[in-house]
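Beneath this line is the structure, given in structure tokens, with notes to follow.
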Amino acid sequence: MAVSLTGAWLFFRMEHGCQSDWSTAVSPNGAWLSVRQEHGCQSKWSMAVSLKGAWLATVNMKPVKMINDKSHLKKTLGWWLVLALFAAGVGVTYMRTLESSPFGHVTSRTNATYDYIIVGGGAEGCVLATRLSEDPRVSVLLLEAGGEETVSMWNHVPLWSPIRPGSKQDWGFSTTPQKFACKSMKQKKCPVLQPKVLGGSSLTSSMLYTRASKYDFASWPQDKAKTWSYENILPYYFKSEDMLDEDLKISDRHSTNGPLPVSGVQKEMYLLHDMFLEGARELKNKPIDCNGLEGVGFCRLYTTVHDGDRFSSAKDFLRPVLSRRNLHVSTHSTVIKILITNRRAVGVDYVRNGDKKTVGGSRDVIVTAGAIGTAQLLLLSGIGPKDQLTKQKIPCLADLPVGSNLQEHLLLKLDIQTNESVGLLSTSGGVFGNALLRTDVTSSKNRPDIQLTFSAIADDLGKEDNGENDKNKHSSGAGNTTSGQGFTIIVELLRPDSRGSVLLGSANPFTQPKIDPNYLFNPKDIQMMIKGIKIALSFLSTAPFRAMKARVREKPYPSCIEHRFKSDGYWECLLRHIAVGNGQATSTCPLGVMNISNLRISDASVFPSSVSGDLMATRVMFAEKAADLIRGHESIRFYRKLANRALKNS
């Protein structure tokens with residue numbers, strides 16, 4: 001065992017007379033672990049743990065004949081006990097460090113009224129609370145249904161978040177039975193990831209930093225000031241960004257000193273990332289900065305990771321300002337109704353620890369509960385389709401298409417086998433390649449519709465599909481990889497043509513809403529996904545991937561054996577069985593037509609359409625701009641100059 005008191009890492013390895021031919025490297029700042037499988041060791045496995053919460057990795061070893069030595073066994077068990085106690089101590093220390101930080105705390109008491117009430121402490125809510133409370137003359141209350149993100153030390157570990165569908169920090173929602181997709185799921189219901197924790201989906205995002213395409217905003221409704229034009233939103237991307245890569249700090253496409261950390265390729269990923277870029281060049285594709293105006297191509301990798309921690313809006317925006325006296329944050333507080341008098345929002349009712357409470361808002365009630373939660377709350381408050389509200393015996397205050405137009409990124413994971421163990425779990429979550437592709441050649445705009453993500457982590461989701469609707473099975477492009485020798489390619493549909501809906505389950509606010517994403521209803525979605533799959537697999541024929549004998553696992557998915565393996569029919573069957581949404585729902589509320597004064601919707605639910613790329617950077621940008629619109633002033637004069645220079649030089 002070796003422990004660094006300054007570098008914050010622990011490396012522990014148990015051996016039983018090994019003669020190993022492998023090497024291990026551990027970064028003294030808890031950044032990464034790189035291992036090769038052992039072939040001559042009796043060790044079952046080895047572990048590395050970052051005390052900074054950066055990562056936890058386990059690697060399966062090949063056991064040989066065990067030593068029948070009771071004293072040795074006692075020593076082994078003793079070391080395990082030491083490790084367990086040490087890990088427990090680390091967890092307690094980590095939690096106490098956060099709790100005793102000078103940043104302040106969430107509150108158990110609230111005032112009778114506030115200037116601003118923010119409903120939902122997710123990505124946008126934390127940003128808005130931070131920015132609005134910069135003005136000491138106003139009071140701000142942030143209400144979050146879940147608990148604090150500090151409840152688990154793993155919440156900020158890249159690709160190791162304990163927030164999974166149905167977990168304690170998730171709402172536990174599922175879709176309605178799907179007619180065209182989710183066929184391998186129990187009752188044909190796909191899980192719907194909806195984090196219920198301070199920081200929300202920023203704790204579950206892919207950690208890829210990708211801005212939306214400039215063409216995404218061309219279809220947004222524009223006022224005379226062109227509020228949502230690309231030229232007017234780009235400065236807000238710059239405002240939030242903190243580019244950490246020394247070579248990119250001087251780039252006119254990036255900025256520094258914002259709360260959102262952006263890193264270049266991690267050192268441990270150089271080799272794999274270079275393989276990805278070399279494969280792209282062999283396919284006649286020039287690597288680009290996908291955050292530039294090109295928007296389509298094989299991307300140089302940027303992730304929202306710093307010092308081994310994933311970005312979260314709670315940790316990076318909210319916690320540093322919790323000591324502000326004009327800012328209160330109340331967790332475990334579920335808002336059940338927006339109070340509206342004379343077509344004006346005047347406050348909210350919420351439930352905390354079983355007690356119903358009311359709080360007034362003198363300026364604005366701002367809803368940031370996400371595409372699902374925001375739609376549900378508006379409907380419960382009498383804002384939505386009149387016929388639906390009448391069925392639930394809810395008085396209709398505004399007859400609007402709330403809950404319609406639901407859009408969700410859809411993804412499929414392809415398990416790729418190799419003859420070498422990639423075996424790498426790093427601060428970038430193992431991601432070593434990213435591409436934004438345009439498969440719809442009929443479109444006049446150079447706007448991506450498919451994203452490819454290459455991850456060094458081979459996927460293993462347990463048992464194979466048995467044709468009897470395995471519960472929550474959502475991956476394994478052609479069967480599961482259990483050897484640990486391989487990687488995963490994620491094919492993601494960015495702009496689905498299928499449209500879904502969110503309806504009330506009942507007038508009871510604690511009843512799950514009816515979520516129908518209507519996955520793969522439009523055949524065009526299937527066509528684009530199959531094109532994306534073929535482009536992804538074309539990488540396997542390039543020299544760097546041939547060298548490691550990369551190939552799709554050749555065991556067809558059991559429910560699709562009637563189709564020729566890797567044919568279009570096979571891929572369509574696979575998509576309809578195991579493709580799922582990735583928790584990036586949008587577009588359930590109309591933008592700018594609420595017709596209720598003092599009520600603002602400031603999250604992805606008001607995006608007219610889904611955007612091209614991971615949503616996190618765009619959601620943060622949207623909240624940054626919304627804060628300026630609410631306050632009635634512009635905070636981006638400096639960043640506007642940077643943005644104008646970037647536009648001029650692109």
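Closest approach of S312 and S202 over heavy atoms only: CA-OG, 3.4 Å. Across all non-hydrogen atoms, the minimal contact from Y230 to A212 is CE1-O, 4.0 Å. Across all non-hydrogen atoms, the minimal contact from F298 to A435 is CD2-CB, 3.6 Å. Across all non-hydrogen atoms, the minimal contact from L198 to A314 is O-CB, 3.7 Å. Heavy atoms only, all atoms of each residue included: P191 and P165 are closest at CB-CB, 3.6 Å. Listed here is the closest heavy atom pair of A456 and F487: CA-CB, 4.1 Å.
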Tell me, with the steps shown, if K315 and T150 meet side-chain contact (heavy atoms from CB on, under 4.5 Å). CA-CA 9 Å; K315 173 174 65 70; T150 55; over 6 Å; no
Assess whether side chain to side chain donor-acceptor pair (under 3.5 Å) is satisfied between H306 and S263, documenting all intermediate values. CA-CA 7 Å; H306 179 48; S263 302; 5.3 Å; no
Test side chain to side chain donor-acceptor pair (under 3.5 Å) on T210 and D614 and set out the steps. CA-CA 6 Å; T210 54; D614 187 87; 5.3 Å; no
Audit row: D242, T256, side chain to side chain donor-acceptor pair (under 3.5 Å) steps and yes/no: CA-CA 4 Å; D242 183 20; T256 58; 5.1 Å; no
Starting from the C-alpha separation in whole Å, work towards a yes-or-no answer on side-chain contact (heavy atoms from CB on, under 4.5 Å) for I489 and T453. CA-CA 6 Å; I489 305 177; T453 304; over 6 Å; no
Before you tell me yes or no, could you show the steps for S201 and R619 under side chain to side chain donor-acceptor pair (under 3.5 Å), namely the whole-Å CA-CA distance, both residues' side-chain angles and the distance that decides it to 0.1 Å? CA-CA 10 Å; S201 59; R619 293 176 68 176; 2.6 Å; yes
What's the verdict on side-chain contact (heavy atoms from CB on, under 4.5 Å) for L537 and W571, showing C-alpha distance, side-chain angles and the deciding distance? CA-CA 12 Å; L537 296 184; W571 294 126; 3.5 Å; yes
Apply side-chain contact (heavy atoms from CB on, under 4.5 Å) to the pair L574 and I578, showing each step before the final yes or no. CA-CA 6 Å; L574 194 67; I578 63 176; 3.7 Å; yes
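Here the OG1 atom belonging to T204 is positioned 9.0 Å from the CD atom belonging to Q194, to the nearest 0.5 angstrom. Between the CE atom in M185 and the OG1 atom in T175 there is a gap of 8.5 Å [rounded to 0.5 Å]. The CG atom of L410 sits 5.0 Å away from the CE atom of M529 when rounded to the nearest 0.5 Å. Interatomic distance, CD1 of I533 versus NZ of K566, reported as 12.0 Å (0.5 Å rounding). The CD1 atom of I530 sits 8.5 Å away from the OG atom of S567 when rounded to the nearest 0.5 Å. One distance of note links CD of E624 with OG of S240; it measures 5.5 Å at 0.5 Å rounding.
Y209 is listed as a side-chain neighbour of L260, based on a closest heavy-atom distance under 4.5 Å. Under the 4.5 Å side-chain criterion, counting only non-hydrogen atoms from C-beta, L494 is not in contact with I450. Residues K196 and Q169 are not in side-chain contact: their nearest non-hydrogen atoms beyond the backbone lie 4.5 Å or more apart. Looking only at side-chain heavy atoms (C-beta outward), Q451 and L208 come within less than 4.5 Å of each other. Within the 4.5 Å cutoff, no side-chain heavy atoms of L234 are placed close to those of Y639. By the 4.5 Å heavy-atom criterion applied to side chains, V262 and L244 are not counted as neighbours. Looking at I490 and L452, their side chains never come closer than 4.5 Å, going by heavy atoms from C-beta outward. Between C190 and Y519, some side-chain heavy-atom pair lies under the 4.5 Å cut-off.
One N or O on the side chain of E124 and one on the backbone of A604 form a donor-acceptor pair closer than 3.5 Å. Between the D170 side chain and the L193 main chain, no donor and acceptor come within less than 3.5 Å of each other. Side chain of E408 to main chain of G581: no donor-acceptor pair is present (N/O by atom type, distance under 3.5 Å, no hydrogens or angles). No donor-acceptor distance shorter than 3.5 angstrom exists from the side chain of Q407 to the backbone of S587, with no hydrogens or angles considered. Side-chain atoms of R438 do not come within 3.5 Å of backbone N or O of G295 as any donor-acceptor pair. Under a 3.5 Å cut-off, the side chain of E149 and the backbone N or O of L203 do not form any donor-acceptor pair.
Residues satisfying the ring-ring contact (aromatic ring centres under 6.0 Å, His included) criterion with F454, sequence neighbours excluded, are F276, F432, F539. N285 is linked by a side-chain hydrogen bond (donor to acceptor under 3.5 Å, both in side chains) to nothing, counting only residues two or more places apart in sequence or in another chain. Listed by chain and residue number, D440 satisfy the side-chain hydrogen bond (donor to acceptor under 3.5 Å, both in side chains) test with K524 (two or more places apart in sequence, or in another chain). For R495, the side-chain contact (heavy atoms from CB on, under 4.5 Å) criterion is met by D216, R447, D449, S612, not counting sequence neighbours.
Between F622 and F607, a ring centre-to-centre spacing shorter than 6.0 Å is recorded.
Sequence neighbours left out, the pairs with a member in residues 248-260 that pass salt bridge (charged side-chain N to carboxylate O under 4.0 Å, His left out) are E246-K249, R253-E294. A ring-ring contact (aromatic ring centres under 6.0 Å, His included) check over residues 236-262, counting only residues at least two apart or in different chains, returns the pairs H254-Y302.
Using a 4.0 Å cut-off between a side-chain N of Lys or Arg and a carboxylate O of Asp or Glu, E241 and R211 qualify as a salt bridge.
In summary, the side chains of N291 and R300 do not present any donor paired with an acceptor at a separation below 3.5 Å, with no hydrogens or angles considered. Between the side chains of N582 and E492, at least one donor-acceptor pair of N or O atoms lies under 3.5 Å.
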